[in-house]
Amino acid sequence: MSKTPSSLREHLDDFIADTLSRCTRCGKCFEACPMTRYSDGLSNAEPGAVVSGVLDWLTQTPGNAESVAWLKVCTQSSRCIDACPEGINAMKMVRVGQMSAMGSLGVPAEQTALSGRDAKDFFRVINAFAETQMSAEEIARWQR
Ligand code: SF4
């Protein structure tokens with residue numbers, strides 16, 4: 001039986017460790033994203049490299065410019081969730097990446113890449129916290 005996280009941070013750490021151990025960097029989540037066409041910074045992006053950059057953020061290491069561009073355009077379509085062959089909640093991966101790029105997980109302020117404005121508004125952060133408590137099925141039901 002899996003243990004119940006005792007805190008939000010523990011939950012996030014568990015999610016990050018699980019994602020890092022299972023993600024193959026295939027890039028299918030990125031390819032499924034309907035928003036990438038709206039970012040000039042993603043026109044020639046290699047999907048696996050973009051995901052690698054997001055995973056860097058999950059380890060509190062600044063990711064590449066392409067990963068930041070993807071973090072900026074996410075609108076929570078959730079198509080990335082269904083696209084992942086490993087069953088990873090890729091939307092949550094992006095959300096945690098946003099949190100890290102904003103400095104919420106320990107990245108020093110001078111190395112952050114997103115401001116609250118970039119992440120649209122404070123409520124995205126609220127959503128991120130809510131999503132950490134929900135399964136992919138619950139998120140889909142909630143968004144409907
Ligand atoms: S689709 Fe899944 S396994 Fe592939 S890069 Fe995205 S999160 Fe990783």
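Just so it is clear, the structure is predicted and the values come from calculations on it, not from any experiment. All residue numbers in this chain count up from 1 along the given sequence. One-based numbering, in listed order, for ligands and for the atoms of each.
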Ser67 and Trp57: side chain donor to acceptor below 3.5 Å: yes
Polar side chain donor-acceptor pair, Thr75 to Ser77, under 3.5 angstrom: no
If we only count heavy atoms from C-beta on, is the Gln76 to Arg95 side-chain gap below 4.5 Å? yes
Residues Gly63 and Asp56: closest non-hydrogen pair is CA-CB, 3.9 Å
For atom 6 (Fe) of ligand 1, which protein N/O/S atoms are closer than 2.8 Å? Cys29 SG
Nearest heavy-atom approach of Leu42 to Thr36 is CB-O, 3.8 Å
Pairwise side-chain contact, Gln98 with Cys74, heavy-atom cut-off 4.5 Å (strictly under): yes
